[in-house]
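Keep in mind that what you see is a predicted model, and the values were worked out from it rather than measured. In listed order, ligands and their atoms are each counted from 1.
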Amino acid sequence: MSEWPSTLPPFLWGVASSSHQVEGRQPGNDWLSWEEAGRTRGRSDDHIDHWTRYREDVALYREMGANASRISLEWSRLEPEPGRWDDDAFDHYADMLDATRAQGLEPLVTISHFTLPLFVAEAGGWLWEGMEEAFLRLTEKVVQRFSQVRLWCTINEPTVLPLMGYEEGVWPPGQRSLRVGLRVLSREIAIHERAYRLIKSIEPAALVGLAHHVVRFRPLVNTPAHRALAAFLHRTFNAWTIDHTKEVQDFIGLNYYSCRWATFRRPVNPFPNRRGVPLTQMGWEIDPEGLFDLAAWAARYGRPILITENGIATDDEDERARYIKSHVGALRRAAAGGADVRGYFYWSGLDNFEWAEGYRPHFGLAAVAPDGTRTIKAGAAALREEAAAGFALTDGRGGVS
Ligand code: BGC
């Protein structure tokens with residue numbers, strides 16, 4: 001049954017980010033080593049420095065019309081060495097969360113957003129036999145300490161991490177094996193399940209879920225075989241993870257950006273784009289209808305739906321505004337059709353470090369100059385306007401918040 005506590009805003013208009021992508025001053029983690037090894041387009045640095053400028057940033061998010069902020073915790077700060085917990089880092093995050101709430105923003109906190117402490121990575125990362133226990137120890141510590149958090153996400157994109165890091169090898173640890181990738185995915189699911197139960201035992205009222213990356217798969221050619229392939233990709237990439245975690249998710253968190261075309265033509269790349277359509281700086285096609293489809297589909301799980309990420313990398317602010325409006329519009333239609341949509345988090349509040357792509361893609365609602373100065377972009381007005389218009393919830397109650 002879908003339940004949304006009356007203590008939370010009826011609809012969350014958020015911005016999303018993750019620790020490694022904005023904080024700067026990273027103490028050392030697997031991504032920093034990956035960057036040092038030259039595996040990314042340039043290295044992450046301290047110019048954004050959200051770690052010290054978070055007060056300014058949460059004020060900025062508020063100005064953008066948000067009433068929620070999704071962040072992640074940097075495990076390597078909290079536990080720099082096995083079993084050694086850094087109290088200052090815990091205090092720092094507690095301040096950050098207090099500042100977030102003081103701006104009227106509801107925090108949604110991800111425990112693991114791609115990065116790992118070096119001691120975990122060196123022991124074998126997600127395949128390390130001690131991973132489950134280590135993750136649960138971290139979970140217990142953070143949930144006990146950050147009691148101001150009512151929305152937890154255990155793991156960001158449990159399918160993307162094994163795909164990029166263990167199957168395609170373009171993210172750490174750089175392995176290339178589908179079999180190993182699938183082992184990582186099942187390990188993440190097992191960890192999520194235990195972490196979910198642990199969090200609920202400490203904070204029964206907290207809502208706990210995943211942020212699951214979903215793609216709209218479309219048949220490149222309208223033949224039964226292509227339609228069947230698109231349906232198969234949907235079942236494996238989108239549905240499988242939720243099907244295997246639906247009993248341990250209080251909300252269905254979806255990260256949606258784009259569609260992919262199902263074709264038999266290029267077996268090396270099951271997710272090609274069409275030729276000749278405009279693409280974002282990430283090389284992704286813009287397909288708001290996909291968000292409608294996937295939100296309407298996710299309603300079958302009977303849980304509140306949060307769009308935990310959606311956004312565009314562009315320097316064209318009209319394009320950004322159109323992207324936001326068309327995707328929120330698609331969500332409004334899904335809600336009108338019965339989907340219990342409770343939140344939309346734009347990725348991202350600030351331009352940030354886009355993993356292997358470095359700082360080049362510009363997803364932010366605010367630009368960050370080399371000296372750290374933030375400037376809200378014109379496209380950000382779209383989020384503010386959508387939030388001001390409110391969101392009509394499925395049961396007819398107005399979600400103006
Ligand atoms: C990830 C973010 C990333 C964004 C844009 C998501 O896959 O969770 O960390 O920056 O997409 O690529």
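On a distance-only criterion, S18 and ligand 1 share no N/O pair closer than 3.5 Å. Between N156 and ligand 1, at least one N/O pair is under 3.5 Å apart.
Checked against the 6.0 Å centroid criterion, the rings of W51 and Y93 qualify as a close aromatic pair. Aromatic rings of W347 and F345 (six-membered ring for Trp) have centroids beyond the 6.0 Å cut-off, not under it.
Residues C153 and T308 form no side-chain contact, since every pair of their non-hydrogen atoms from C-beta on lies 4.5 Å or further apart.
Around the NZ atom of K200, the shell of radius 6.0 Å holds more than 12 heavy atoms that belong to other residues, nucleotides or ligands.
The W284 neighbourhood of ligand 1 comprises atoms 12 (O), with distances under 4.0 Å to a heavy atom of that residue. For ligand 1, the atoms closer than 4.0 angstrom to any heavy atom of H113 are 1 (C), 2 (C), 8 (O), 9 (O). Less than 4.0 angstrom separates some heavy atom of F363 from each of these atoms of ligand 1: 5 (C), 12 (O). Residue W355 has at least one heavy-atom neighbour below 4.0 Å for each of these atoms of ligand 1: 2 (C), 3 (C), 9 (O), 10 (O).
No side-chain donor-acceptor contact under 3.5 Å links D30 to the backbone of T115.
Relative to atom 3 (C) of ligand 1, the option among R70, E357, H20, E354 with the closest non-hydrogen atom is E354.
Screening F114, W75, W355 against W31 for a ring pair (Phe, Tyr, Trp, His ring centres under 6.0 Å) leaves a single residue, W355.
The protein heavy atom nearest to atom 6 (C) of ligand 1 is E309 OE1, 2.9 Å.
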